[in-house]
2 protein chains.
Amino acid sequence: MEIVHLLRKVTVEFGLRQAEFAARHGMHSTDVRALICLLDAERAGTDATAGWLGAQLGLNSAGTTSVIDRLERLGHLERTRDPRDRRRVLLSVTPRAVELGRSFFGPLIDDTVAVLREFDESETAAVRRFLSAAHQAVTIVP
Amino acid sequence: MEIVHLLRKVTVEFGLRQAEFAARHGMHSTDVRALICLLDAERAGTDATAGWLGAQLGLNSAGTTSVIDRLERLGHLERTRDPRDRRRVLLSVTPRAVELGRSFFGPLIDDTVAVLREFDESETAAVRRFLSAAHQAVTIVP
DNA sequence: CGATATTATCTCGCTGAGCGAGATAATATC
DNA sequence: GATATTATCTCGCTCAGCGAGATAATATCG
């Protein structure tokens, strides 16, 4: 119960940092979330189209175009028409955006990973099990 | 590292549920966050004023008034002038809002607590230590 | 005690994120 | 080749949140 509140605090603070980071770089929370989605897609090897991004963010097509326009204007993003299906627009993050993402997540990740390094097998397993359960509880139709 | 991604997924999904809940009840994410703050204050026995709420949400006074107006209009909130300092406006959540909060957080909390019940001492301790560390990492100057 | 400063909240007008509706262009189907 | 479908973009609008300043209550100081 107290642990649940702790988890909630973490999510709240994380949201605040994200908003703060967005403001500091002339973006909005949505833009940051978009970048995260794109970086995830990049890492997973999926190709990210405008429609896909909109679905991830829960925006309609007009709103999606706005996000992409803003990120493109800031130089975090490039549009490329897909040569295989020329209706589609492929989105690729620029090195600048990658760097920005690292500057944001890097320290947070490092600090957190550092703690985990001092955990033994059964302890990390417990953390993993807990977070999986929480994820399950919070995710709709798993 | 994989655990960090898991934690991030939890925060993302949690945000989505929150937005979904807001939409379902004719509110915005900010309104839900406001309700959470007010319920927290209630539980902690702090009295919540308009200014305090605005600070919690990172809104200016105009925006804060809007949030309060919306929540009042929906019957989730009541304004009372503080009799001790009649410049201040005290905010109190209605039973309806409490019920709404419970209907949202209740199941999530229950599911998560249920998992924890099957953890032994050292495992819950590990989870607590991890979340504290994550909270520390994500919180600015604690 | 009255004049002035400070604090808490609200009002007004504006900017811009995101929406609905529909336009445009490329591809798939018959 | 005509038509349907899919992916994205454009236009006009609504409303959350901002800056500036009004209002009202309290605190301070001569």
Side-chain angles (χ1 to χ4, degrees), chain A residues 15-16 18-38 41 46-74 76-92, chain B residues 15-16 18-38 41 46-74 76-92:
Chain A
L16 290 178
Q18 196 169 305
E20 194 180 300
F21 170 81
R24 191 186 308 263
H25 292 88
M27 309 197 283
H28 299 262
S29 285
T30 302
D31 303 327
V32 178
R33 286 175 48 215
L35 279 182
I36 294 174
C37 286
L38 293 172
T46 329
D47 43 44
T49 65
W52 174 86
L53 180 63
Q56 297 297 307
L57 298 173
L59 296 181
N60 80 358
S61 64
T64 305
T65 300
S66 301
V67 177
I68 297 173
D69 283 349
R70 288 197 304 265
L71 288 175
E72 194 178 40
R73 207 177 311 133
L74 287 169
H76 297 320
L77 196 64
E78 271 166 13
R79 279 173 159 110
T80 335
R81 290 231 91 107
D82 186 341
R84 297 173 174 279
D85 180 345
R86 293 172 36 70
R87 290 168 304 179
R88 307 207 308 166
V89 167
L90 296 177
L91 305 173
S92 54
Chain B
L16 291 177
Q18 195 168 305
E20 194 180 301
F21 171 81
R24 192 186 307 263
H25 292 87
M27 309 196 284
H28 300 263
S29 284
T30 302
D31 303 328
V32 177
R33 285 176 49 217
L35 280 182
I36 294 174
C37 286
L38 293 173
T46 330
D47 45 43
T49 65
W52 174 85
L53 181 62
Q56 296 298 307
L57 299 173
L59 297 182
N60 79 357
S61 64
T64 306
T65 300
S66 302
V67 176
I68 297 174
D69 283 350
R70 287 196 306 265
L71 288 175
E72 194 179 39
R73 207 177 311 132
L74 288 170
H76 296 321
L77 195 65
E78 269 166 14
R79 279 173 160 110
T80 334
R81 289 231 92 106
D82 186 341
R84 295 172 174 281
D85 181 343
R86 293 171 37 70
R87 289 168 303 179
R88 307 208 306 165
V89 167
L90 296 177
L91 305 173
S92 54

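Every chain is numbered from 1, with letters handed out A, B, ... down the list of sequences.
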For this session: Report the base-pairing partner of dA23(C) (Watson-Crick or G-U wobble, both distances below 3.5 angstrom), or none.
Result: dT8(D)
Exercise. Rounded to the nearest Å, what distance is computed from the CG atom of residue Asp47(A) to the P atom of nucleotide dA7(D)?
Worked result: 13 Å
Seminar exercise, completed: Partner of dG30(D) under the Watson-Crick or G-U wobble criteria, both distances under 3.5 Å, comes out as dC1(C)
For this session: Using the closest heavy atom to pick a nucleotide of DNA chain C for each, name whichever of Asp82(A) or Asp31(A) lands nearer the 5' end.
Result: Asp31(A)
Problem set entry | Nearest-neighbour nucleotide for the Thr49(B) side chain, dT8(D), dG19(D), dT9(C) considered | dT9(C)
Exercise. Looking only at atom types and distance, does a side-chain atom of Arg79(A) sit under 3.5 Å from a main-chain N or O of Leu91(A), one as donor and one as acceptor?
Worked result: no
For this session: Mind calculating the distance between CG (Leu71(B)) and C1' (dT9(C)) to the nearest angstrom?
Result: 16 Å
For this session: May I ask which nucleotide in the shown strands pairs with dA2(D), Watson-Crick or G-U wobble, both distances under 3.5 Å?
Result: dT29(C)
For this session: Would you mind classifying the nucleic acid contact of Thr64(B) as base, sugar-phosphate or nothing, using non-hydrogen atoms under 4.0 angstrom?
Result: nothing
Problem set entry | Donor-acceptor pair (no angle test) under 3.5 Å: Arg87(B) side chain, dT7(C) base | yes
For this session: Name the residue closer to the 5' end of DNA chain C, choosing between Gly51(B) and Ser61(A) according to the nucleotide with the nearest heavy atom.
Result: Gly51(B)
For this session: Indicate yes or no: at least one non-hydrogen side-chain atom of Asp31(A) is less than 4.5 angstrom from one of His25(A).
Result: no
For this session: Measure from NE2 on His28(A) to P on dC15(D) and round the result to the nearest Å.
Result: 20 Å
For this session: Answer yes or no: does a side-chain N or O of Arg79(B) lie under 4.0 Å from OP1 or OP2 of dC10(C)?
Result: yes
Problem set entry | Whole-Å distance separating the CG atom of Asp69(B) from the P atom of dG17(D) | 12 Å
Exercise. Within the pair Thr30(A) and dG18(C), is there a side-chain N or O less than 4.0 Å away from OP1 or OP2?
Worked result: yes
Exercise. Between dG17(D) and Arg70(B), is there an OP1 or OP2 to side-chain N/O distance shorter than 4.0 Å?
Worked result: yes
Seminar exercise, completed: Of the listed dG18(C), dG17(D), dC9(D), the closest approach to the Val89(A) side chain comes from dC9(D)
For this session: Answer whether the closest heavy-atom distance between the side chains of Leu38(A) and His76(A) falls below 4.5 Å.
Result: no
Exercise. OP1 or OP2 of dC18(D) less than 4.0 angstrom from a side-chain nitrogen or oxygen of Asn60(B), does that happen here?
Worked result: yes
Problem set entry | Touch class at under 4.0 angstrom, heavy-atom based, for Ala50(A) against every strand present | sugar-phosphate
For this session: Mind calculating the distance between CG (Asp85(A)) and C1' (dT8(D)) to the nearest angstrom?
Result: 11 Å
Exercise. Stepwise, does the side-chain contact (heavy atoms from CB on, under 4.5 Å) test hold for Ile68(A) with Leu77(A)?
Worked result: CA-CA 7 Å; Ile68(A) 297 173; Leu77(A) 196 64; 3.6 Å; yes
Exercise. Any donor and acceptor pair, going by atom type alone, linking the side chain of Arg81(B) with main-chain N or O of Arg87(B) inside 3.5 Å?
Worked result: yes
Exercise. Any side-chain heavy atom of Thr49(A) within less than 4.5 Å of one from Leu90(A)?
Worked result: yes
Exercise. Separation of Ile68(B) atom CD1 from dA16(D) atom C1', in whole Å?
Worked result: 15 Å
Exercise. Leu91(B) has an atom CG; how far is it from atom P of dT9(C), in whole Å?
Worked result: 8 Å
Exercise. In whole angstroms, how far is the C1' atom of dT7(C) from the CZ atom of Arg84(B)?
Worked result: 18 Å
For this session: Ignoring the backbone of Arg81(A), work out which of dG17(D), dT8(D), dT9(C) is nearest its side chain.
Result: dT8(D)
Exercise. Taking OP1 and OP2 of dT9(C), is either one under 4.0 Å from a side-chain nitrogen or oxygen of Arg86(B)?
Worked result: no
Exercise. Which of the following nucleotides, dT9(C), dC11(D), dC9(D), is nearest to the side chain of Thr65(A)?
Worked result: dC9(D)
